[in-house]
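Structure first, commentary second.
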2 protein chains.
Amino acid sequence: MATGRTHRPATRSRGIPEATVARLPLYLRALTALSERSVPTVSSEELATAAGVNSAKLRKDFSYLGSYGTRGVGYDVEYLVYQISRELGLTQDWPVVIVGIGNLGAALANYGGFASRGFRVAALIDADPAMAGKPVAGLPVRHTDELESIITDNGVSIGVIATPAGAAQQVCDRLVAAGVTSILNFAPTVLSVPEGVDVRKVDLSIELQILAFHEQRKAGEETTSAQEPAAAVQPRSSAAARTPAAGRAAGKGPDGDVPAVMPA
Amino acid sequence: MATGRTHRPATRSRGIPEATVARLPLYLRALTALSERSVPTVSSEELATAAGVNSAKLRKDFSYLGSYGTRGVGYDVEYLVYQISRELGLTQDWPVVIVGIGNLGAALANYGGFASRGFRVAALIDADPAMAGKPVAGLPVRHTDELESIITDNGVSIGVIATPAGAAQQVCDRLVAAGVTSILNFAPTVLSVPEGVDVRKVDLSIELQILAFHEQRKAGEETTSAQEPAAAVQPRSSAAARTPAAGRAAGKGPDGDVPAVMPA
DNA sequence: CCATCTTTGTGCACGCGTTCACAAAGGCAT
DNA sequence: ATGCCTTTGTGAACGCGTGCACAAAGATGG
């Protein structure tokens with residue numbers, strides 16, 4: 001799960017709650033699998049299990065789309081696939097640009113399933129002149145200079161940022177200025193964008209840190225709070241002179257620079 | 001942002017809300033940046049802006065950790081870095097294994113910042129015998145047969161799955177059986193795990209689909225519902241005979257197989 | 001045509017998360 | 001010392017999301 005988002009606080013988009021929208025792709029995936037196995041109908045219970053959610057939640061989610069089920073029977077798989085696809089805007093083609101063709105950018109570009117769901121990689125863009133023209137995943141890498149024209153010419157409205165953190169905001173600004181209104185950010189930075197532009201963030205580092213938190217908690221429970229040896233939540237008198245000789249964490253550390261996925 | 005999660009519904013972990021835990025890494029990153037610039041203190045307002053959140057939210061988040069601020073002044077950067085690092089369990093080392101060294105797995109392995117935050121890649125594992133021994137990011141790829149022994153010998157409790165969807169559940173089961181209790185899943189599948197195991201999902205495809213939804217909505221607003229030409233929400237009489245000749249979406253499509261990141 | 005059985009769709013209540021707004025706390029100048 | 005100014009920490013209200021539980025709907029069999 002990509003984590004942070006930068007969405008309008010809770011502006012229900014046409015009656016469909018944001019939480020529901022986030023689950024629609026999950027349902028769609030499960031339904032597509034059923035469709036491939038030629039299963040004609042599915043109950044909310046079965047589908048919910050396949051999608052890893054509660055059946056009541058699923059039914060409520062679908063109720064926002066309309067009454068597409070048949071009581072006593074369930075949902076028509078093909079029909080539901082179509083409805084959800086349409087609702088998500090997957091019945092049309094979305095040209096996408098990937099900026100920053102490092103390890104991650106290349107991995108994303110090579111992802112074969114990209115085209116299978118309405119998304120098409122219109123161009124790969126990198127700032128390194130040495131990369132220009134070099135084919136990655138069958139597409140020639142274009143130089144950053146061409147960014148604006150590529151966006152305009154292809155009518156790109158979705159951009160993927162896989163650059164180092166330092167370049168992300170600048171790239172973002174150029175993408176937005178050129179007309180992009182949705183951004184998927186893999187760089188470890190908080191992007192600031194004007195009103196009306198959606199940003200979603202994917203951050204491996206954050207995910208790992210959250211896992212570490214829970215992992216530590218599990219380990220701590222075993223020995224029933226055996227951690228935090230002595231000076232646990234020390235009263236901390238003077239405001240200065242603290243800094244408990246922090247282990248790592250403090251130093252400069254190679255961060256905010258590395259290619260993409262997993263920053264801190 | 002990685003999206004789906006599979007967390008205990010809302011079991012507040014030792015008083016710290018899940019939503020707060022998810023933001024701590026964000027604060028930590030902003031604080032680390034300040035620390036590198038030798039900024040001694042920071043106000044909730046400044047830090048909140050840097051982290052892209054509301055200042056009241058940030059203060060409330062910090063209040064769960066304790067009273068680490070000084071009224072009229074702000075927070076001591078170094079001290080806060082240490083406290084958050086400790087809270088997240090980043091003061092200890094977490095050995096991690098990456099399973100599935102395809103495009104994405106390799107990209108993750110090459111991510112330099114991995115070690116900079118308490119995470120250390122203990123091993124890269126792949127099922128392809130041809131990959132065995134081949135060095136990726138300075139580490140020799142190990143064969144899946146060694147999975148259990150690697151986990152045990154290194155005391156690995158966090159696993160990253162970057163395999164094709166078809167192999168994910170099986171790999172997951174083996175990881176869990178070997179002692180892994182936290183999993184970061186890049187494969188496009190819902191993993192089922194026993195109680196006590198945390199799973200977080202990162203899914204590019206889902207993120208893009210969510211963006212597409214909002215993008216479509218924006219486009220629809222311009223022309224004020226010019227979409228949905230005629231048969232919009234057709235009453236749908238007979239349960240059978242529907243399937244509105246769904247465009248893409250239905251066919252077999254290359255999915256549930258591709259390496260990792262972006263499935264559907 | 002009626003009874004029964006299955007499954008949807010949803011009203012309702014509860015809890016988490018967010019935000020406001022302000023009192024308390026501390027620094028600083030006079 | 002005293003008063004002012006800044007900023008934290010939090011009580012309280014509100015809204016979204018979740019899950020229960022059930023009535024309505026429809027299919028199916030006799």
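Contact annotation: A/S44 side-chain N/O to C/dT8 OP1/OP2 distance is under 4.0 Å. In this structure, A/Y68 does not reach the C/dT7 phosphate: none of its side-chain N or O atoms is under 4.0 Å from OP1 or OP2. Distances shown here put every side-chain N or O of B/Y64 at or beyond 4.0 Å from the OP1 or OP2 atom of C/dC16.
The stretch residues 16-37 of chain A participates, sequence neighbours left out, in these ring-ring contact (aromatic ring centres under 6.0 Å, His included) pairs: A/Y27-A/F62. Residues in residues 29-61 of chain A take part in no ring-ring contact (aromatic ring centres under 6.0 Å, His included) pair, two or more places apart or across chains. Each salt bridge (charged side-chain N to carboxylate O under 4.0 Å, His left out) pair with one or both residues in residues 57-74 of chain B, not counting sequence neighbours, appears once here: B/R23-B/D61.
In the set D/dG9, C/dT18, D/dT18, the nucleotide with an atom closest to the side chain of A/A19 is D/dT18. Comparing atom distances between the B/R23 side chain and each of C/dG26, C/dT18, D/dT8 picks out C/dT18 as nearest.
Between the CG atom of B/D76 and the P atom of C/dG27 there is a distance of 13 Å, given to the nearest Å. Rounding to whole angstrom units, CD of residue B/E18 and P of C/dG15 are separated by 19 Å. Here the P atom of nucleotide C/dC5 and the CD atom of A/E45 are 19 Å apart, to the nearest Å. Taking atom OH of A/Y75 as the reference point, atom C1' of C/dT7 lies 9 Å away to the nearest angstrom. Protein atom OH of A/Y27 is 13 Å distant from nucleotide atom P of C/dT8, rounded to whole Å.
Mapping A/D61 and A/V73 onto DNA chain D by nearest heavy atom places A/D61 at the nucleotide closer to the 5' end.
Of the residues in residues 50-60 of chain B, those placing a heavy atom less than 4.0 Å from an atom of DNA chain D are B/R59, B/K60, in numerical order.
Looking at residues two or more places apart in sequence or on another chain, you find a side chain to side chain contact (heavy atoms under 4.5 Å, CB included) between B/A48 and B/V53, B/S55, B/L58. In this structure, B/Q170 has no side chain to side chain contact (heavy atoms under 4.5 Å, CB included) partners at least two apart in sequence or on a different chain. Every residue meeting the side chain to side chain contact (heavy atoms under 4.5 Å, CB included) condition with B/S43, not counting sequence neighbours, appears here in chain and number order: B/E45, B/E46. Listed by chain and residue number, A/T41, A/T70 satisfy the side chain to side chain contact (heavy atoms under 4.5 Å, CB included) test with A/V73 (two or more places apart in sequence, or in another chain).
Aromatic ring centroids of B/Y79 and B/Y68 lie under 6.0 Å apart.
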Tabulate protein N/O versus nucleotide N/O from nucleotides 23-25 of chain C, keeping only pairs under 3.5 Å, one per line.
{"from": "C/dA24", "atom 1": "N3", "to": "B/R71", "atom 2": "NH1", "distance (Å)": "2.7"}
{"from": "C/dA25", "atom 1": "O4'", "to": "B/R71", "atom 2": "NE", "distance (Å)": "3.4"}

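At a threshold of 4.0 Å, the pair B/R217-A/D198 does not count as salt-bridged, since none of the basic side-chain nitrogens sits closer than that to a carboxylate oxygen.
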